[in-house]
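Lettering follows sequence order; numbering is per chain, from 1.
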Protein chains: 2
Amino acid sequence: MIEQKQDIEKCDCNVIHQDIVNQVKTRMPPEEQLYDLAELFKVFGDSTRIKILWALFEAEMCVCDIAFLLSMTQSAISHQLRVLKQARLVKNRKAGKVVFYSLDDEHVKQIFDQGLIHINER
Amino acid sequence: MIEQKQDIEKCDCNVIHQDIVNQVKTRMPPEEQLYDLAELFKVFGDSTRIKILWALFEAEMCVCDIAFLLSMTQSAISHQLRVLKQARLVKNRKAGKVVFYSLDDEHVKQIFDQGLIHINER
DNA sequence: TGCACATATGAATATTTGTTCATATGTGCA
DNA sequence: TGCACATATGAACAAATATTCATATGTGCA
């Protein structure tokens, strides 16, 4: 068998437990999936967006309402709604001039609740 | 009753549905809690940290092992482990020169699984 | 048709943040 | 004691990102 000594560019230290590393490596999900997961949480990682989502737990709202509720600019809210929509977390419905936004995913609340459990521990 | 016209600095538009806004406002969790929630998700919002956490689902590992597994610098991993530790997501155990890191929260896996459900939909 | 209003969007700016590099700390061992 | 190795840390830099400002788009209504 050919020696498995890979030439690593980045890791500037010796591998201590090759067996564990190999075992873990086989169990890791594909790179792309972990990347997507990080991208999803990145969307949750902003308090403005968290507030918007939480508001939408309660009721469908238009951009203006959300801006007023959060004391923020209509433009800022609009930008963030775009991010949320791209992540398929909210959807919208047009009614004349007004655009109503609502949740597009039932898991969000569960994810938030799990997060709160962590925060409120201890 | 005194007119409830608040002078708003930020919201540069009219409130369309005052009643809904008021109702939602009463249901919103305290500002601080939503902020903390965003901070937690911010920690999850980086693929390096996601990978580290996922690796630790499988086994306790030392810094060097993780760096090798992810083909990254020991320093980069160490910095990220600090972030994870501050968020109380990992804990560590010293064994001589080596420092072993492991998960410090059982909810993380559930949060990740919920996230994957969202990603894999459609 | 033209005005008022709701929303979207692009550029610019300021802030945050991940990685690198250099180096410090701390432990085991010869 | 002194060297080798594992880890931590601080400063610097580059990249990502949230908000603002100006303006565009689109709809209803007088």
Where each residue is assigned the nucleotide of DNA chain D containing its nearest heavy atom, which of B:S78 and A:K94 is assigned the position nearer the 5′ end?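 On the 5' side of the pair lies B:S78.
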Quick check on DNA chain D: between B:A76 and A:C13, whose nearest nucleotide comes earlier from the 5' end?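 The 5'-side residue here is A:C13.
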Do we count A:H79 as stacking onto D:dT19 if the rule is ring centres under 5.5 Å and planes under 30°?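 Whether judged by distance or by angle, A:H79 falls short somewhere, so it does not stack on the base of D:dT19.
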How many whole angstroms separate atom [atom1] of [X] from atom [atom2] of [N]?
X: B:N92; N: D:dA8; atom1: CG; atom2: C1'; result: 11 Å
X: A:D12; N: C:dT19; atom1: CG; atom2: P; result: 14 Å
X: B:L81; N: C:dG18; atom1: CG; atom2: P; result: 13 Å
X: A:R93; N: C:dA6; atom1: CZ; atom2: P; result: 16 Å
X: B:I66; N: D:dT7; atom1: CD1; atom2: C1'; result: 12 Å
X: A:L84; N: D:dT17; atom1: CG; atom2: P; result: 14 Å
X: A:K85; N: C:dT7; atom1: NZ; atom2: P; result: 13 Å
X: B:M72; N: C:dG18; atom1: CE; atom2: C1'; result: 8 Å

Under 4.0 Å, counting only non-hydrogen atoms across every strand here, what does B:I16 touch: a base, just sugar-phosphate, or nothing?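 If one applies the 4.0 Å heavy-atom cut-off, B:I16 turns out to touch the sugar-phosphate alone, with no base involved.
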Looking for any heavy atom pair under 4.0 Å, which part of the strands does A:I77 touch: base, sugar-phosphate only, or nothing?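 The answer is nothing, as A:I77 stays clear of every strand by at least 4.0 Å.
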Return whichever of B:N14 or A:R82 has its heavy-atom-nearest nucleotide of DNA chain C closer to the 5' end.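 Its nucleotide being nearer the 5' end, the pick is B:N14.
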Does B:E121 pair with A:R88 as a salt bridge, N-O distance under 4.0 Å?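 Result for this pair is no, no salt bridge flagged.
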Which heavy atom in B:A55 sits nearest to a heavy atom in B:L69, and how many Å separate them?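 In terms of heavy atoms, the two residues are closest at CB-CD2, 3.7 Å.
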In this structure, which stretches of DNA chain C are paired as stems of three or more consecutive Watson-Crick or G-U pairs, both distances less than 3.5 Å?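 Looking at DNA chain C, the stems formed by three or more consecutive pairs are C:1-30 with D:1-30.
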More than 12 heavy atoms from other groups under 6.0 Å of [atom1] on [X]:
X: A:Q86; atom1: CD; result: yes
X: A:E106; atom1: CD; result: yes
X: B:Y35; atom1: OH; result: no

Validation row, ring centre A:F100 to ring centre B:H17 under 6.0 Å: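 Between A:F100 and B:H17, the centre distance is under 6.0 Å.
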Ring centres of B:F44 and B:F112 under 6.0 Å apart?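 Close enough - the centres of the two rings lie under 6.0 Å apart.
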Can you see if the side chain of [X] gets near the phosphate of [N] - specifically, an N or O under 4.0 Å from OP1 or OP2?
X: A:Y101; N: C:dA6; answer: no
X: A:Q80; N: D:dT19; answer: yes
X: A:T73; N: D:dT19; answer: no

Less than 4.5 Å apart, side chain to side chain, heavy atoms only: is that true for A:L84 and A:L53?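 Yes. Closest side-chain heavy atoms under 4.5 Å.
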Side chains of A:M28 and B:E58 in contact at under 4.5 Å (non-hydrogen atoms):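 Of all side-chain heavy-atom pairs linking B:E58 with A:M28, none is under 4.5 Å.
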Measure from the side chain of [X], starting at C-beta and using heavy atoms only, and say which of [options] lies closest.
X: B:V99; options: C:dA8, D:dA6, D:dT7; answer: D:dT7
X: A:K97; options: D:dA6, C:dA6, C:dT7; answer: C:dA6
X: A:S75; options: C:dG28, C:dA6, C:dG10; answer: C:dG10

Do A:K42 and B:F41 meet the cation-pi criteria used here (NZ or CZ under 6.0 Å from the six-membered ring centre, within 45° of the axis)?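 The answer is no, since A:K42 fails at least one limit relative to B:F41.
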Is the NZ or CZ atom of A:K91 positioned over A:Y101's six-membered ring, under 6.0 angstrom from the centre and within 45° of the axis?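 So A:K91 doesn't make the cation-pi contact.
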Is there a donor and acceptor pair closer than 3.5 Å between the side chain of B:Q74 and the base of D:dA6?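 Absent.
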Residues in contact with DNA chain C, drawn from residues 28-63 of chain A - heavy-atom cutoff 4.0 Å: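 Heavy-atom contacts with DNA chain C come from A:C62, A:V63.
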